[in-house]
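The structure appears right after this line, and notes come after that.
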Amino acid sequence: MEAQLEDQLNAIMARPGVVGVTCVDKRGLCLSAKGIASPNMSGVLSSIADQARKVDPANSSSPIVRLESDQGYCLVQKRSDFTLGIFKKY
Amino acid sequence: MVHVEKVPGQKGYMVIQEDGTILSSTGELSSNELTSNQITSLMSHSLPVDFNTSSSPTAGLNGDVNGSGEAGGHLNVSFSPGGSSNGGSGDVARGFKWNRITVQFKDESYVACLSNRRIHVVKRDNAESAATSQQ
């Protein structure tokens, strides 16, 4: 199971512009982190994904959160039992 | 002067203070305190990331989640004019300042920017804004 997750994360890391990726379980604990992503971020990313859902409670779909800065951006989405965070550089 | 009504696909607009107080609002975001509080809470998350670090992650992640919405507190993900709101040379100041947050649902999205210690929030229709950008 871990090998499959690692393979998927490595495939994401190989995409152009991606400098980090992390996968977090539903409790906010880090499953894996690569590149600039840190295991310390997992709780914050999970909390961001949870909070984003509450922005529009009438909308049942899970939102994609995009945190942007001048140098790059971070994409966060929560699925049923995990949260994925992808860091991309411009 | 901000001409938010010209934003393609905009369905509502809101200006809020850092503590969640609504300064002005129009459209579907008119007097929407729930959205105001959630956006403020969302922007108070601290996630400093150094994109210039190729291998090691940012060491100074403090994981501070300021959900209390204190009037005196500053937004950790914010980008402050002059870059002095964090007031130090620590890792957070060296790390990354998020200046825009987009929460994208299936049909609509919320875009929040922080400027002059105020959060500007626009609710946009995804299909309409995508059609406009393709033109």
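Naming: A, B, ... by sequence-line order, numbering from 1 per chain.
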Roughly how far apart are [X] [atom1] and [Y] [atom2], rounded to 0.5 Å?
X        : Y        : atom1 : atom2 : value
B:Arg100 : A:Ser69  : CZ    : OG    : 11.5 Å
B:Leu42  : A:Asp50  : CG    : CG    : 11.0 Å
A:Arg66  : B:Ser109 : CZ    : OG    : 11.0 Å

- Task: Answer with side chain, backbone, both or neither: which region of A:Leu45 has an atom nearer than 4.5 Å to a non-hydrogen atom of chain B?
- Result: side chain
- Item | Members of residues 30-38 of chain B whose heavy atoms come closer than 4.5 Å to chain A | B:Leu34, B:Thr35, B:Gln38
- Under 4.5 Å to a heavy atom of chain A? For B:Tyr110 that would be side chain
Counting C-beta onward and ignoring hydrogens, is there a side-chain heavy-atom pair between [X] and [Y] closer than 4.5 Å?
X       : Y        : value
B:Ser41 : A:Gln51  : yes
B:Asn99 : A:Asp70  : yes
A:Glu68 : B:Ile101 : no
A:Asp56 : B:Glu108 : yes

- Task: Tell me whether A:Leu9 is reachable from A:Val24 by hopping between hydrophobic residues (I, L, V, M, F, W, Y) whose side-chain heavy atoms are closer than 4.5 Å.
- Result: no
- Task: Using the test salt bridge (Lys or Arg N to Asp or Glu O under 4.0 Å), find all partners of A:Glu6 that sit at least two apart in sequence or belong to another chain.
- Result: A:Lys34
